[in-house]
Amino acid sequence: MILPQSFYLDDTVTVAKSLLGKVLHIKTGNTERRARIVEVEAYLGVTDPACHTFENRRTNRTQSMYLQGGHSYVYLIYGMYHCLNFVTRTEAHPEAVLIRAVQPLDVESHLKKKDIKTNGPGKLCRHYEITRDHDGLRLWKKSSALYVSDDGFKVSAKQIISCPRIGVDYAGEAAQWPLRFYLKENVFVSRV
DNA sequence: AGTGAGATGGCCT
DNA sequence: GGCCATCTCACTA
C-alpha cells in the first residue's frame with residue numbers, strides 16, 4: 001500500500017521511526033527498483049542547528065523543505081554527492097527525514113559487506129542515480145519517480161536503535177540529540 | 001584498523 | 001575564503 005501524504009504530516013521523529021521497514025520505489029526509464037529503508041535521521045527545522053532550515057534560513061537549495069510533508073528534498077553535498085530526504089509536517093515547519101541507508105529488494109544476491117552500495121546517504125543516491133532532478137517530488141503519488149509503500153513488513157520498537165546523528169559535530173549540543181534511527185543488526189546500515 | 005587528504009559546488013560571513 | 005547531513009584512496013603499522 002502506498003503511503004498517503006498524511007503519513008508525512010506527523011511529528012518528524014515519529015515519521016522517521018515509522019519509515020524504517022517501508023519500501024522506497026525508484027523509477028528510472030522503464031525499470032522500477034525497490035529498497036527497504038533501514039537507516040534514517042530526523043532534522044528538526046528552525047530550532048535545529050544541524051538543519052538546513054535552522055532559523056528559517058531559506059535558499060534556492062532548501063525551497064522544497066518549505067513544501068508540505070510528503071515531498072522529496074534532494075541536495076548536493078561536498079560538491080559531488082546527493083542526499084535524499086523526505087519533508088515532514090507542514091509549510092510552517094520545514095523539517096525532514098534523511099534517508100541514510102536502504103536494503104535493495106530486487107536482486108536475490110548474497111551481498112558481501114564490501115559490496116553493499118547503499119549503506120550511506122551519498123552511496124545510495126549514487127547507486128540509484130538520485131539527483132537534484134528528484135527534488136520536490138510527491139512521494140505519495142505512484143506516478144512519481146520516487147514513492148514509498150508499506151508491504152506489511154513489521155518493525156517492533158525493540159528493533160529500533162537510537163543514537164546521535166552522523167557528521168553534524170559543528171551543531172554543538174544538537175550533535176548529541178538521539179535523532180538517528182536504524183534497524184538493529186541490519187547489515188545494510190552505514191555504521192554501528 | 002585507523003588516520004589524513006582530496007574531490008568539488010553551493011551557501012555562508 | 002571556509003565550511004559542509006560524504007566517500008575513496010593512500011598511507012601508516
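Throughout, a chain's letter reflects where its sequence line sits, starting with A, and its residues are numbered from 1.
- With a cut-off of 3.5 Å on both Watson-Crick or G-U wobble distances, the partner of dA5(C) is given as none.
- Side chain of M80(A), nearest nucleotide from dC11(B), dT8(B), dT6(C): dT8(B).
- Across the protein-nucleic acid pair, R57(A) atom CZ and dC12(B) atom C1' stand 8 Å apart, rounded to whole Å.
- Counting only N and O atoms by type, the side chains of Y147(A) and E32(A) include a donor and acceptor under 3.5 Å apart.
- Picking from dC4(C), dT8(B), dT8(C) the nucleotide with the shortest atom distance to the side chain of R126(A) gives dT8(C).
- What separates CG of N60(A) from C1' of dG10(B) is a distance of 10 Å, to the nearest Å.
- Atom name C1', nucleotides dT3(B) and dA5(C): the rounded distance is 22 Å, in whole Å.
- Residue R61(A) is in sugar-phosphate contact alone, with no base atom involved, counting any heavy-atom pair closer than 4.0 Å across all strands shown.
- Between the side chain of T12(A) and the backbone N or O of L44(A), no donor-acceptor pair lies under 3.5 Å.
- Residue contacts for L76(A): at a heavy-atom cut-off of 4.0 Å it reaches the sugar-phosphate backbone alone, with no base atom in range.
- Looking only at distances, no side-chain donor or acceptor of D106(A) sits under 3.5 Å from a matching main-chain atom of R33(A).
- The backbone N or O of I99(A) lies less than 3.5 Å from no partner atom in the side chain of E41(A), so there is not a single donor-acceptor pair.
- Both geometric conditions, a ring-centre gap below 5.5 Å and a plane tilt below 30°, are not fulfilled together for Y78(A) over the base of dA7(B).
- At the heavy-atom level, G79(A) lies under 4.0 Å from base atoms of the strands shown.
- Nucleotides dT8(C) and dG10(B) are separated by 22 Å at their P atoms, to the nearest Å.
- Nucleotides dA10(C) and dT8(B) place their P atoms 16 Å apart, quoted to the nearest Å.
- Checked against dC7(C), dA5(C), dC12(B), the side chain of Y81(A) finds its nearest nucleotide in dC7(C).
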